[in-house]
Amino acid sequence: MCGIVGYTGKRQAQAVLYDCLCRLEYRGYDSCGIAVNTPEVQVFKDAGKVRNILQNAPRFEGTAGLGHTRWATCGEPTRINAHPHIDCTGKISLVHNGVINNYAQLRKRLEAGGHKVVSDTDTELIAHLIEEYDKGNLEEAVRQAVKEIDGSYALVVMRSGDNTLVAVRKDSPLVIGVGDGEYLVASDVPAILGYTNRVIYPEEGDIAVISPDSLKINRNGEYIIPRVEKINWTPDEAQKGGYSHYMLKEIHEQPQVIQNTLINMPLTESFYKSPLLEQGRKTGILFLACGSSYHAALTGRYLVEEHLNIPVRLEVASEFNYMQHLPPCKLAVVLSQSGETADILRAMRRLKQAGCMIVAITNVAGSTAARLADHVIYTQAGPEIGVAATKSFIAQLVVLYALCFACASAASPRYQDYLSTMRLLPGAVQKILGSHQNIKDAAIEVAKSKSAFFIGRGINYPIALEGALKLKEISYIHAEGYAAGELKHGPFALLSPETPVLALVSRDQTYEAMLTGLREIKVRRAPLIVIGEDGDDQLEQLADRVIKIPPFNRLFSPILFSVVLQLLAFYAAYELGCDIDTPRNLAKSVTVE
Ligand code: AGP
């Protein structure tokens, strides 16, 4: 899941490419490179991060070019494997995001045909394929070349001396930015927001031919007039806004995100009286997601089963794709912040073929998941740049709560009260954000440990999983989330004075069982950090440290606990000097399987 960009226009391309790559870096950051037509194409690339590598690049004068920041899949992150890649003539250059499954056969054929393949990547083979078909019409050469590829690709191709770009996509995100006398092509919208908020979303298989003053899109052999859409995100939203890290800024945006998401929820009578719900009642609902979105979906299952009495089958998409039998559910709800996670898209295509109705809860307008779904509910988190999901996770929870309570309110008016209570959530979250020295202190303690446990019961079990994931992915401390009742079935063996246990304690029906669990942990002398409600003295007696959440309807404790755990992970990683926004080996949206 790399970040790709192309530019053709009147500005100096190198500066535009550098700027866009800095905004794309959260997609992959092990190597990077640019190609600029000067007018002969010049390429500069190396292993390392955009700011470290491209700031020292030689100056290339030219108004068209390509750029790439990589998340290696095929070929180690080295200079030779970095993009852009060129063909034998050195005239064709290209950048690619995706994976070519049949690259071994292609390489054999191309090398047998005399092509000199210099890197270990699958991508370079595309340059040689285009070279094979190039009879002077780059669009046609690209069309013929991609016919031979089995896999996923978002590609931007450029010929030396010609400022026309050719872009094509299949199972990989691509957006075209429409400027005045200039065009940008990129993997996602935040990269180009500084230049335009007018975008085109090419469909699967579309071939775009882009020159500074014209754009043609060929769809299935026909040239079409593309729909230009306006993006309501501002460039500032994709900036740090004075915070040290995107993650911290995004954590602090959550009160506004909750408000925006609630305001934009389609909670109309027609929605929750829609046949969708009847469908769900008849066959149950299938929830599908990955990573943090999976933890939100798991929370959603507790809500739907408890408050709507509808059975929910929940699967991680990457496993679902290899399950022989499809569940009987005729309604599926997929959660994906980016809307581009390959495992999710594959599952959606399979469910569509099986005639399943799909509702997508996503944060990115125009994303592939949004276009594949029958119904879309957008979380209003705005662009999320930090690799660790924070505001998007909270927005997903808010959507699930609001949907569930709106649908339940048809049966009982008390749910209308819950919906009104949700309007007070931003205030409660702001209280946590307003004063969190005790979270920082706990984080400094956790940062000293090599591993940690996060435990919760009931609807807070998924939040324990999420807390562990947040700490793992940004601080590199090994952490496991556990259903609190499961700890004694094995993991207790790992408890020691060096292994802190972080327990989420809500005064709901699981309260007494949680207290019992805390006592069992205490006697095994593991440091106990409890996150619980203000004024709960019992916790003070049991825990080594208590982090209090403001008094609030405990139905919503998962949302407040999540904000505490996000801050805890952030400050632990900060204490350890980790690369919080772009943690090693990760990427924001996982567009390959
Ligand atoms: C979470 O912090 C991670 N970035 C990752 O687990 C993420 O949630 C997962 O890759 C799913 O992404 P999606 O919501 O964009 O589909």
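Counting starts at 1 for both ligands and their atoms, following the listed order.
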Where ligand 1 meets [X] - atom numbers and elements under 4.0 angstrom, heavy-atom basis:
X: Thr341; answer: 12 (O), 13 (P), 15 (O), 16 (O)
X: Val590; answer: 10 (O)
X: Lys470; answer: 1 (C), 2 (O)
X: Ala389; answer: 1 (C), 2 (O)
X: Val387; answer: 2 (O), 3 (C), 4 (N)
X: Ser293; answer: 8 (O), 13 (P), 14 (O)
X: Gln337; answer: 13 (P), 14 (O), 15 (O), 16 (O)
X: Ala388; answer: 2 (O)

Give, for atom CD1 of Ile394 and atom OG of Ser562, the distance between the pair rounded to the nearest 0.5 Å.
-> 4.5 Å
Any donor and acceptor pair, going by atom type alone, linking the side chain of Glu384 with main-chain N or O of Ser392 inside 3.5 Å?
-> yes
Without swapping roles, check the side chain of Asn81 against the backbone of Pro77 for a donor-acceptor pair under 3.5 Å.
-> no
Which is it for His83 and Thr123 under the side chain to side chain contact (heavy atoms under 4.5 Å, CB included) test, yes or no, and what are the steps along the way?
-> CA-CA 8 Å; His83 300 208; Thr123 301; 3.3 Å; yes
Which of these, Ser367, Ser293, Ser318, Ser336, sits in a side chain to side chain contact (heavy atoms under 4.5 Å, CB included) with Thr341?
-> Ser336
Using 4.0 Å as the upper bound for N to carboxylate O, is an ion pair formed by Lys352 and Asp374?
-> yes
Closest heavy-atom pair and its distance - Pro202, Leu174 = CD-O, 3.3 Å
For Glu305 and Ile310, the nearest pair of non-hydrogen atoms, with its separation, is CG-O, 3.3 Å
Closest protein heavy atom to [atom], given as residue, atom name and distance to 0.1 Å:
atom: atom 3 (C) of ligand 1; value: Glu473 OE1, 3.5 Å
atom: atom 5 (C) of ligand 1; value: Ser292 N, 4.3 Å
atom: atom 9 (C) of ligand 1; value: Cys290 O, 3.8 Å

If you measure from each non-hydrogen atom of Ser338 to ligand 1, which part falls under 4.0 Å: side chain, backbone, both or neither?
-> both
Between Thr379 and Lys391, is any side-chain donor less than 3.5 angstrom from a side-chain acceptor?
-> no
Short N or O distance, Ser336 and ligand 1, threshold 3.5 Å exclusive | yes
